[in-house]
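As the structure lists them, so they are numbered: ligands from 1, and atoms in each ligand from 1. Atoms considered below: every heavy atom in the structure, side chains included; atoms not considered: hydrogens, waters and symmetry mates.
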Amino acid sequence: MNSDQTPAVHRRGGGTRITRLSLWHVPLTSHTPYHMAEGKTCDTVETAVIAVDTDAGITGWGEVCPIPHYLPAYARGVAPALGELAPVLIGADPVGVGAVMARAEAWLIGHPYAKSALDIALWDITGRAAGLPLNALLGGRRSETMPLYHSITCVAPEEMARVARDAVGRGMTQIQVKLGACGDWRADVERLARVREAAGPGILVYGDWNCGASSLEATRVGRAAADLDVMLEQPCPTIADCARVRAATGLPMKLDECAHDTATLLEGHDRGCMDAVALKLSKFGGLAATRAARDLCLHLGAKMCVEDTWGSDIATAAALHLAAATPPGRLLNTCDLSGYVSPRIAPDGPVRSNGRIAPPEGAGLGVTPDAGLLGAPDLILD
Ligand code: 0XW
Ligand code: MG
């Protein structure tokens, strides 16, 4: 489409219309610096917060927080994507989400992380217009509370074991052990062994390389840890290599970074290395796309972690609503992203309690961003 063409904005008689888009960049600082393989880190990471205003007086909120060097996404990419989409969005009816997002997809192909924030905001509008929490619109609430995992930064094995013991003492039943940050595969064996012992029986322990291992290193770690009750997560960048590690170690495997659409979910399943999978909203392009991924995973049999890459209360609330609408027997866990960082963008957002969390109760996302904290927007489109 040429940029001088006017996109078709379909207006429904008497319907709600989008009047303005606003964007803020907010730095989120981790309570504990968070180290992953290959020098990836979440110390202070910028999150993109958007507000979609309507002529009905309803504002919807969205958020995406891409971790640097983690996925093909960056926080400052949201502003140009929104600018590109503005002609399709301003004046369109947001209620129901799917119709306007289909036009957005036709106008700007791809960019799922930017569309994720937009999609969340449109769901928030729809839920507020209906007077219903998002989990009701996403299939209905299936759980009162959902299990969380606690992710431990890749530091010395003994320190990781101490953090795991503390987390389990506070009710956490699932522990993610970051691996590979120091390039010594024997230290990763030690990390898994120490955390496994500290966590105690019945606790799920899994080691996540965030794509930072070769199949050789990951296989050596997995075989040395093969008598432990542990799962491995995303050791290598490709599904083929993850499958090789799965086959050589016999350890269950969770896919994360390389499972991001229908084709990769099917490939992970076909190659037999998707015992579990991280469904991050911004990999798929928001709640509707992740709900479709969720439904495919129900069919494929993979256990699901419903979350996002990183973020504060808006991204967390969105993920919690989808997690709450997912059959509990198939939900591996979810993540209280906002519990790892400050500031809290919506101080009324949910917090973990005894290793579990509940979605917010109000209409839409059910969280109220702190206008004072956000200040003036960095971008306004109207
Ligand atoms: C995306 N992370 C780095 C943050 C979440 O807590 C989990 C983790 C991952 O890669 O699984
Ligand atoms: Mg991961």
Side-chain angles (χ1 to χ4, degrees), residues 28-45 47 63-75 113 116 146-155 160 163-164 167 172 174-181 188 191-192 195 204-213 218 230-239 242 245 252-260 264-265 268 273-284 290 302-313 315-316 318-320 323 332-341 352 355 357:
L28 299 178
T29 300
S30 302
H31 301 315
T32 308
Y34 184 78
H35 302 293
M36 295 171 269
E38 295 185 314
K40 292 175 214 176
T41 176
C42 294
D43 201 347
T44 296
V45 173
T47 196
E63 179 185 9
V64 64
C65 184
I67 297 173
H69 322 297
Y70 180 80
L71 284 166
Y74 67 113
Y113 67 99
S116 184
M146 294 87 68
L148 292 162
Y149 68 93
H150 185 71
S151 183
I152 306 180
T153 174
C154 189
V155 289
M160 295 179 81
V163 175
M172 207 60 67
Q174 306 191 30
I175 303 289
Q176 185 192 55
V177 181
K178 289 294 178 185
L179 299 176
D188 289 331
R191 289 183 173 103
L192 286 171
V195 171
L204 177 67
V205 171
Y206 51 108
D208 185 7
W209 277 276
N210 291 105
C211 304
V230 294
M231 177 165 74
L232 304 181
E233 177 173 342
Q234 193 71 55
C236 311
T238 66
I239 295 175
C242 291
V245 175
M253 177 77 65
K254 178 181 169 211
L255 294 181
D256 187 353
E257 286 89 327
C258 68
H260 53 82
T264 48
L265 289 171
C273 62
M274 200 171 73
D275 302 283
V277 61
L279 300 184
K280 291 178 156 83
L281 301 179
S282 57
K283 286 193 299 189
F284 293 90
T290 310
K303 288 275 241 181
M304 292 168 266
C305 163
V306 177
E307 60 169 5
D308 208 346
T309 44
W310 205 243
S312 189
D313 292 285
T316 299
L320 295 185
L332 179 71
N333 54 39
T334 184
C335 188
D336 58 336
L337 297 162
S338 52
Y340 290 79
V341 297
R352 65 168 75 169
I357 197 162

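Taking a 4.0 Å cut-off on heavy atoms, E233 registers as neighbouring ligand 1. Put simply, no part of K40 is less than 4.0 Å from ligand 1, judged by heavy atoms. For Y34, the closest heavy-atom approach to ligand 1 falls below 4.0 Å.
Under 4.0 Å from ligand 1, the heavy atoms of T309 that appear belong solely to its backbone. Contact annotation: for K280 versus ligand 1, heavy atoms closer than 4.0 Å belong to the side chain alone. Residue contacts with ligand 1 for Y340 are absent, since no atom lies close enough (heavy atoms, distance under 4.0 Å). Neither the backbone nor the side chain of Y206 comes within contact range of ligand 1; no heavy atom lies under 4.0 Å.
Judged by distance alone, the side chains of T29 and T44 do bring a donor and an acceptor atom under 3.5 Å apart.
For atom 1 (C) of ligand 1, the closest non-hydrogen atom of the protein is Y70 OH, 3.1 Å. Annotation: atom 11 (O) of ligand 1 to nearest protein heavy atom, Q176 NE2, 2.9 Å. Of the protein's heavy atoms, K178 NZ, 3.1 Å lies nearest to atom 9 (C) of ligand 1.
In the vicinity of D256, heavy-atom distances shorter than 4.0 Å reach the ligand 1 atoms 9 (C), 10 (O), 11 (O). Atoms of ligand 1 lying under 4.0 Å from at least one heavy atom of W310, given by number and element, are 4 (C), 6 (O). Per-residue contacts place D208 under 4.0 angstrom from the following atoms of ligand 1 (heavy atoms of the residue considered): 9 (C), 10 (O), 11 (O). Residue-ligand proximity, I67 to ligand 1, at heavy-atom distances under 4.0 Å covers atoms 1 (C), 3 (C). Numbered from 1 in the order shown, with element, the atoms of ligand 1 that lie under 4.0 Å from a heavy atom of N210 read 9 (C), 10 (O).
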**OP:** Please step through salt bridge (charged side-chain N to carboxylate O under 4.0 Å, His left out) for the pair K178 and D208, ending with a clear verdict.
**Re:** CA-CA 5 Å; K178 289 294 178 185; D208 185 7; 2.7 Å; yes
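For ligand 1, one of its N or O atoms has an N or O atom of Y149 under 3.5 Å away.
Electrostatic pairing of K283 and D256 counts as a salt bridge here, judged by a charged N lying under 4.0 Å from a carboxylate O. In this structure, D336 pairs ionically with R352, as a charged nitrogen and a carboxylate oxygen lie closer than 4.0 Å.
Within the 4.5 Å cutoff, side-chain heavy atoms of Y70 are placed close to those of E257.
Across all their heavy atoms, M160 and V177 have their closest contact at CE-CG1, 3.4 Å. When all heavy atoms of P252 and M231 are compared, the closest pair comes out as O-CG, 3.3 Å. Closest approach of L281 to A315, counting heavy atoms only: CD1-O, 4.3 Å.
Among the atoms of E257, no N, O or S atom is found under 2.8 Å from the Mg ion (ligand 2).
Note on E233: its N/O/S atom closest to the Mg ion (ligand 2) is OE2.
With hydrogens and angles disregarded, no donor-acceptor distance shorter than 3.5 Å links the side chain of E233 to the backbone of G207. For the pair T290 (side chain) and L279 (backbone), a donor-acceptor distance under 3.5 Å is absent. A distance-only check finds no donor-acceptor pair linking the side chain of T334 to the backbone of E307 [under 3.5 Å]. A distance-only check finds a donor-acceptor pair linking the side chain of T41 to the backbone of Y34 [under 3.5 Å].
Seen from the Mg ion (ligand 2), atom OD2 of D208 and atom OD2 of D256 lie 170° apart in angle, a value rounded to 10°.
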